[in-house]
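See structure below.
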Amino acid sequence: MLKNIKFLGVIAIIAGSISTLLCLIPMGFVIALPVGFIGMIISGVYVFIDTKTDLNKKKITPGIIGMLLSSVPVLFILLFTIIRYFKN
């Protein structure tokens, strides 16, 4: 079970990294948002299992890192919306 959970953490970080990198490509948001959503789900499952079984004693786990990386596309869209709102 421990190997499965570590693998889930690695997948969460990879999905978050891919969604973050896709934000740097023009029109990459079309792909970044679904990948980020999948990364958020995987990270949420990891954090749930981790807190339920107390596997990690650290404050920052792969699930938290994956969740932060997966939320970057949404934060970029929010930032662009705010910038556009205040320009007008």
Side-chain angles (χ1 to χ4, degrees):
M1 170 122 173
L2 185 60
K3 287 184 181 182
N4 293 339
I5 294 183
K6 286 186 178 182
F7 180 70
L8 201 61
V10 170
I11 295 296
I13 291 175
I14 290 171
S17 299
I18 290 171
S19 68
T20 302
L21 290 174
L22 285 172
C23 288
L24 302 175
I25 300 171
M27 294 303 292
F29 288 110
V30 176
I31 302 168
L33 284 173
V35 172
F37 182 70
I38 292 168
M40 283 288 243
I41 291 172
I42 294 170
S43 298
V45 169
Y46 179 89
V47 169
F48 174 74
I49 293 172
D50 185 37
T51 53
K52 185 178 176 184
T53 58
D54 277 339
L55 292 176
N56 286 325
K57 302 299 180 193
K58 301 175 189 175
K59 290 184 179 181
I60 298 177
T61 63
I64 301 295
I65 295 169
M67 197 171 287
L68 290 174
L69 289 172
S70 295
S71 64
V72 168
V74 176
L75 294 175
F76 272 152
I77 289 175
L78 182 64
L79 178 73
F80 293 146
T81 304
I82 291 172
I83 289 171
R84 186 173 172 208
Y85 176 77
F86 283 115
K87 275 189 174 180
N88 293 333

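The chain is numbered in sequence order, starting from 1.
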### Summary
On a heavy-atom basis, the closest approach of I49 and T53 is O-OG1, 2.8 Å

### Task
Report the distance from atom CG of L75 to atom OG1 of T20, rounding to the nearest 0.5 Å.
9.5 Å

Less than 3.5 Å apart, which donor and acceptor atoms pair up between the side chains of residues 21-33 and the rest of the protein, not counting sequence neighbours?
none

#### Entry: hydrophobic_cluster_shared for V72 and V74, side chain cutoff 4.5 Å
yes

### Task
Measure across A15 and S70 and return the closest heavy-atom pair with its distance rounded to 0.1 Å.
C-OG, 4.4 Å

### Message
Let me check something: do L79 and I82 share a hydrophobic cluster, defined by ILVMFWY side-chain heavy atoms less than 4.5 Å apart, either directly or through other members?
### Response
no

### Shared hydrophobic cluster, I42 / V45 (ILVMFWY, side-chain heavy atoms < 4.5 Å)
yes

### Query
Just how far is it from atom OG of S71 to atom CZ of F76, taken to the nearest 0.5 Å?
10.5 Å

### Distance-minimising heavy-atom pair for Y46 and I5
CE1-O, 3.0 Å

### Task
Working to the nearest 0.5 Å, report the span between CD1 of I14 and CZ of F7.
7.5 Å

### Distance, nearest 0.5 Å, that separates CD1 of I83 from CG of L78
10.0 Å

### Task
Mind listing the closest non-hydrogen atom pair of V47 and M67 along with its distance?
CG2-CE, 4.3 Å

### Query
With ILVMFWY side chains joined below 4.5 Å, transitively, what does I41's cluster contain besides itself?
F37

### Co-members of the apolar cluster containing L69 [side chain, <4.5 Å]
I13, I60, I65

